[in-house]
Amino acid sequence: MVKNITIFTTADCAYCGMVKKWLGSKGHTYEEVNLDSCPERQAEALELSGARTVPVTVVTKHDDTREVVIGFNLAKLAPAVA
């Protein structure tokens with residue numbers, strides 16, 4: 001069961017929009033952190049993902065475990081939010 005979904009995005013990222021659209025189509029709500037608007041959170045996204053790319057989707061479960069999905073990767077994202 002999913003407790004929280006956070007997506008780190010940038011304004012000009014097409015894959016970010018695809019992740020948001022897919023999550024919305026599945027009825028999931030999420031917090032969006034736009035790194036253009038919140039550059040102070042870039043280190044957080046990098047620490048979580050180990051990648052300097054977006055989107056970084058962080059799925060937090062009710063037991064507080066986290067799954068981090070980099071990019072538009074439905075093979076990982078779908079089971080993470082199931």
Checklist entry - How would you list, by chain and number, every residue that makes a side-chain contact (heavy atoms from CB on, under 4.5 Å) with Lys21, sequence neighbours excluded? => result none
Item to check | Partners meeting salt bridge (charged side-chain N to carboxylate O under 4.0 Å, His left out) with Glu67 (sequence neighbours left out) | outcome: none
Item to check | Side-chain hydrophobic cluster, 4.5 Å single linkage: members besides Met1 | outcome: none
Checklist entry - With sequence neighbours excluded, what pairs up with Glu47 under the salt bridge (charged side-chain N to carboxylate O under 4.0 Å, His left out) test? => result none
Item to check | For Arg41, all residues meeting side-chain hydrogen bond (donor to acceptor under 3.5 Å, both in side chains), sequence neighbours excluded | outcome: Glu44
Next on the checklist: Per the salt bridge (Lys or Arg N to Asp or Glu O under 4.0 Å) rule, what does the pair list look like for residues 5-17, sequence neighbours excluded?
Outcome noted: none
Result block: side-chain N/O donor-acceptor pairs under 3.5 angstrom for residues 32-39, not counting sequence neighbours:
unit_1, atom_1, unit_2, atom_2, d
Glu32, OE1, Lys20, NZ, 3.3
Glu32, OE2, Thr9, OG1, 2.8
Glu32, OE2, Lys20, NZ, 3.1
Asn34, OD1, Asp36, N, 2.7
Asn34, OD1, Ser37, N, 3.3
Asp36, OD2, Ala11, N, 2.7

Item to check | Intermediate values then yes/no, side-chain contact (heavy atoms from CB on, under 4.5 Å), Phe8 and Val58 | outcome: CA-CA 8 Å; Phe8 292 90; Val58 182; 4.0 Å; yes
Checklist entry - What about Met18 and Ile70, same hydrophobic cluster or not, with Ile/Leu/Val/Met/Phe/Trp/Tyr joined at side-chain heavy-atom distances under 4.5 Å? => result no
Item to check | side chain to side chain donor-acceptor pair (under 3.5 Å) partners of residues 50-64, not counting sequence neighbours, each pair once | outcome: Lys3-Asp64, Asp63-Thr65
Next on the checklist: I'd like to know if Leu48 and Val54 are part of one continuous hydrophobic network [Ile/Leu/Val/Met/Phe/Trp/Tyr, side-chain heavy atoms within less than 4.5 Å].
Outcome noted: yes
Checklist entry - So if you build clusters from Ile, Leu, Val, Met, Phe, Trp, Tyr with side-chain heavy-atom gaps below 4.5 Å, do Val68 and Tyr30 land together? => result no
Next on the checklist: Between Val69 and Val19, is there shared hydrophobic-cluster membership here, with clusters defined by ILVMFWY side-chain heavy atoms closer than 4.5 Å?
Outcome noted: yes
Indicate every side-chain donor-acceptor pair of residues 71-82 with a distance under 3.5 Å to a residue at least two apart or in another chain.
unit_1, atom_1, unit_2, atom_2, d
Asn73, OD1, Ala75, N, 3.2
Asn73, OD1, Lys76, N, 3.2

Checklist entry - So do the side chains of Ile7 and Leu23 get within less than 4.5 Å of each other, counting heavy atoms only? => result yes
